[in-house]
Each structure stands twice: as C-alpha cells, then as structure tokens.
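I have placed the structure first, in the form of structure tokens, so that the comments after it can refer back to it.
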Amino acid sequence: MEIIKLNVINPNWRPTIRSIIVIGSIFFFCWIEVPYSIKVYVQDYEILIETLSLGGCSTQLMLRMFLYLCQRERCVQIVSEIRKQRLVYGADSSPRMEEQFRLGTKRMLLFYRLIHLLYGVSYFFLLAPLILPDPHKFNLPLAVQIPFLPPGDNLVYYCINFVHHIMLNVFGVVHLAVIDGVLIMALISICTRIAGLQLLLEELDGKISLAEWYRTEHLDADLDHIIELHWETKKFFQVVSGTFQMHFCSLFSTMCIAICMCLNVVTKNPKSSLLPFGVSSVSQMFVICMFGNIVQIASSRLKDSVYGIQWYRMTVTQQKKLLFLLANSQPELIMKAIFVPVTVTSFVSIMRAAYSYYTILS
C-alpha cells in the first residue's frame, strides 16, 4: 500500500497527491472509461461482455476502496489487536502457548503472501497481446480504452492506453491483495485465539485432575481468565465481521455477475480470453469462503473442549460459570455478506447455480 500511498493501517497516514491520483484513476476507470468503452465495443458481443465484466470488477474495487478508507480506524484496530494477541494470552510465560501463536503467525505470513501471489497472477493478463493478440480490442490487455485516445489511430495512443492498463492492474492488485490479506490474517487470528482457548482449557483440566473433588477454589482465576479471553475473542470476531460485511457483499454481487457474463461468452467460444478472467473470479470467491468456513469449523470445536474438561469435579459456582461459557460457545462464528453466510456451502451453491445457468445456455 505504500506504493500507492493508501496504507491507512499506518496511524500516521495522510492523503497525498499520489493517493489522490490513484483514487481518481479508479473512479475515472469506473465512471468514464468503462461507459465509453461500452459504446465503442457495442457491436462486438464478446468484447462487450468482457468490458461489462471489467466494469463489475472496477465497481467492486471502487466500493471496497471507499469502505477501506471509511473504516480506517477499524482496520487499525484489527491490526493492532493481531499484534498484541500473544501477550494477552500469556505466550511470553507459556512455551506451549508461544508455540501456538508462533505457528499462527507463520500461517498468517504464508497465506498473506499466497494472496499476493494469487492476485499477482493477473499480471500475466498484460502479456495477452503477445500470446493471444486480439485485433477486436486493438491488441490491448483489457477491453477498455481512454476516451478520445483510440489505440487504433496511432502508436502513441496505443502506448498510452497500454501503460494505462498496466497502472490499473497494479492499482487493483495492490489494493485488493492488501484488503483481503488483512481479512485473512484476521480470520487466522480468530482461529489461533480459539486454539489458545482450547489449550488453556486443557491446562485447566490438568490442574483439576491434581485437585481434590470440589476443592478447586484456587482455580477461579484461571477459569475467569478463560471466560474473559473468550469474550474478547467474540468481540474481535464482531469487529472483523462488521468491518468486512459490506466487502463480502460487494465481492459476492460483482463476482456472481462477472461469472454469469463469462459463461455467456464461454458457451459460444470455449477459447475466449474471458475464461481466465472467470477462473480468477471463482478463485477469489473460493479463497474468501474457505477461510470463512475454517473459522466456523474452529469455533464449533470450542464447545466440545469446554464440555470435555472434568467440570463435575469443580465447585458449584465454577460449574455455573462453565455453563455460561458453554452456552456462549454454542453459536458458531459465521462471517456473513449481509444475508449470505461466507462459507464453502455458499460457494458450492453459487457454483451449482452457475453450472445450471451454463447448461441452459449450452
């Protein structure tokens, strides 16, 4: 984000000329360049569909950029809580907890880099004019062009449009990779926190085994600490869910439209240049749904860990506390795109609908 000066996660961030240029370029592309290109390619069905698909992606980028800027404080809060989570869980005094959070940090960095790699594959679209030149879109990587600078008129206009496409690609990849990267790190952080709670419950169970029956008053502090951490985890989940709910909604709506448009063309021309675009749209949606599903599975296991300790050897007061903890552990943590849960089940439902749409068209 430092490249385009939109690193709002930095508490000292302030708008600069470069960031204003980037924001202006995205709005220009969405509101001026795409409508102009629709008029240019209106006679070519396949290229027109590609232009409309790019319009959907640019709408997603514009909406998510707007949300990202408006939710700056929440993004800063999420990153801050991720950084200090190991200390809150006492990893500095527990080797097992330290190992748990060390593995969690490794997973965060691994998937954050994989997200950048996944989005970075889109740079290969810039090589399309060399591999599969398409005279219908003037051998440009994208089916859009700058108004009043038709690339077919002369080489200078063509080079300006090509450089413009490179800039748009860089802006989009850098922006979406960071936003989704922060989201995935937050989801992995939630899973790590739940694993930490399970480890604390396991240690509590070991201490219960060493105590006499109904003589566990000395474990009140440990149990209270677990309850407090569980509530903090749920609050962190609510912050993440509330921050990215509209991101999920914009992603689902624009990607579903893009996939349907791609299928319209692929049924007529299986070798269309829109096929890689459709695959990348499906991949983006699958990654987000997969991590949402991982959080749901991790949260569903916590109640088993609560019930699995030797609660029947604890005092009545402690058993009541555990009952409240168990009740609060029952609802699974499910990310939502307003009405649609962000899970693999939702992804499969969308793919089934897309396949049905494909079979009808073919």
In the structure I gave you, are the side-chain heavy atoms of [X] and [Y] within less than 4.5 Å of one another anywhere?
{"X": "F236", "Y": "I78", "answer": "yes"}
{"X": "L204", "Y": "L200", "answer": "no"}
{"X": "L251", "Y": "R64", "answer": "yes"}
{"X": "I297", "Y": "R301", "answer": "yes"}
{"X": "T315", "Y": "Q319", "answer": "no"}
{"X": "R193", "Y": "L229", "answer": "no"}
{"X": "L168", "Y": "H164", "answer": "yes"}
{"X": "L69", "Y": "I23", "answer": "yes"}

Does [X], at its [atom1] atom, have more than 12 non-hydrogen atoms belonging to other residues, nucleotides or ligands within less than 6.0 Å?
{"X": "W213", "atom1": "CH2", "result": "yes"}
{"X": "E73", "atom1": "CD", "result": "no"}
{"X": "I17", "atom1": "CD1", "result": "no"}

Practice task
Applying ring-ring contact (aromatic ring centres under 6.0 Å, His included), name anything that partners F291, two or more places apart in sequence or on another chain.
Solution key: F111
Handout entry: Set of residues satisfying ring-ring contact (aromatic ring centres under 6.0 Å, His included) with respect to H136, sequence neighbours excluded
Key = none
Spell out, as yes or no, whether a donor-acceptor pair under 3.5 Å connects the side chain of [X] to the backbone of [Y].
{"X": "Q245", "Y": "A337", "result": "no"}
{"X": "N328", "Y": "F324", "result": "yes"}
{"X": "S94", "Y": "A91", "result": "no"}
{"X": "S58", "Y": "L54", "result": "yes"}
{"X": "S299", "Y": "V295", "result": "yes"}
{"X": "S346", "Y": "P341", "result": "yes"}
{"X": "S241", "Y": "Q238", "result": "no"}

Practice task
Just do the side-chain hydrogen bond (donor to acceptor under 3.5 Å, both in side chains) check on Q60 and Q284 with the steps written out, would you?
Solution key: CA-CA 12 Å; Q60 179 202 156; Q284 183 186 15; 3.1 Å; yes
Closest non-hydrogen atom pair, [X] against [Y]:
{"X": "Q198", "Y": "S305", "result": "NE2-OG, 3.1 Å"}
{"X": "A195", "Y": "Q100", "result": "CB-NE2, 3.3 Å"}
{"X": "G181", "Y": "I115", "result": "N-CG2, 4.2 Å"}
{"X": "S250", "Y": "L63", "result": "CB-CD1, 4.0 Å"}

If I take atom [atom1] from residue [X] and atom [atom2] from residue [Y], how far apart are they, to the nearest 0.5 angstrom?
{"X": "T192", "Y": "Q85", "atom1": "OG1", "atom2": "CD", "answer": "6.0 Å"}
{"X": "S281", "Y": "I257", "atom1": "OG", "atom2": "CD1", "answer": "11.5 Å"}
{"X": "T105", "Y": "I188", "atom1": "OG1", "atom2": "CD1", "answer": "10.0 Å"}
{"X": "L48", "Y": "E50", "atom1": "CG", "atom2": "CD", "answer": "10.5 Å"}
{"X": "L87", "Y": "S93", "atom1": "CG", "atom2": "OG", "answer": "10.0 Å"}
{"X": "M255", "Y": "I288", "atom1": "CE", "atom2": "CD1", "answer": "11.0 Å"}

Practice task
For side chain to side chain contact (heavy atoms under 4.5 Å, CB included), just list the numbers for V170 and V174, CA-CA rounded to whole Å, side-chain angles, deciding distance to a tenth of an Å, and then say yes or no.
Solution key: CA-CA 6 Å; V170 171; V174 171; 4.1 Å; yes
For [X], enumerate each residue passing the side-chain hydrogen bond (donor to acceptor under 3.5 Å, both in side chains) test, keeping only those at least two apart in sequence or located in another chain.
{"X": "E232", "answer": "K235"}
{"X": "Q296", "answer": "E332"}
{"X": "K234", "answer": "none"}

Fill in the blank from the handout: In V306, L325, L201, the residue satisfying side-chain contact (heavy atoms from CB on, under 4.5 Å) with H230 is L325
Problem - Single hit among I226, L326, D220 for side-chain contact (heavy atoms from CB on, under 4.5 Å) with K321 - result: D220
Check side-chain contact (heavy atoms from CB on, under 4.5 Å) between [X] and all other residues, then give those that pass, not counting sequence neighbours.
{"X": "E99", "result": "R102, L103"}
{"X": "C256", "result": "M285, I350"}
{"X": "Q310", "result": "D205, I208, S209, Y312, R313"}

Practice task
Any pair with a residue in residues 244-270 that passes ring pair (Phe, Tyr, Trp, His ring centres under 6.0 Å), sequence neighbours left out, goes on the list, sorted by first then second residue, please.
Solution key: F244-H247
Exercise for the section: Not counting sequence neighbours, list each pair that qualifies as a ring pair (Phe, Tyr, Trp, His ring centres under 6.0 Å) and has a residue in residues 72-99. Expected result: Y89-F101
Using the rule that two of Ile, Leu, Val, Met, Phe, Trp, Tyr join whenever any of their side-chain heavy atoms come within less than 4.5 Å, decide whether [X] and [Y] are in one cluster.
{"X": "I184", "Y": "V282", "answer": "yes"}
{"X": "V144", "Y": "I47", "answer": "no"}
{"X": "M108", "Y": "L118", "answer": "yes"}
{"X": "Y41", "Y": "F29", "answer": "no"}
{"X": "V182", "Y": "M246", "answer": "no"}

Exercise for the section: Compute whether any side-chain donor of one residue and acceptor of the other, for T216 and Q318, lie under 3.5 angstrom apart. Expected result: yes
Handout entry: Side chains of E81 and Q77, donor plus acceptor under 3.5 Å
Key = yes
Exercise for the section: Decide if the gap between the ring center of F171 and the ring center of H175 is smaller than 6.0 angstrom. Expected result: no
Exercise for the section: Kindly indicate, with the supporting measurements, whether the criterion salt bridge (charged side-chain N to carboxylate O under 4.0 Å, His left out) is fulfilled by D92 and R86. Expected result: CA-CA 8 Å; D92 52 340; R86 58 176 300 277; 6.0 Å; no
Handout entry: Non-neighbouring partners of R96 that pass salt bridge (charged side-chain N to carboxylate O under 4.0 Å, His left out), sequence neighbours left out
Key = E202
Side-chain donor-acceptor pairs under 3.5 Å in residues 146-163, sequence neighbours left out?
unit_1: N154; atom_1: OD1; unit_2: V156; atom_2: N; d: 3.1
unit_1: N154; atom_1: OD1; unit_2: Y157; atom_2: N; d: 2.8
unit_1: Y158; atom_1: OH; unit_2: N139; atom_2: O; d: 2.8
unit_1: N161; atom_1: OD1; unit_2: I146; atom_2: N; d: 2.8
unit_1: N161; atom_1: ND2; unit_2: L149; atom_2: O; d: 2.8
unit_1: N161; atom_1: ND2; unit_2: Y157; atom_2: O; d: 2.7

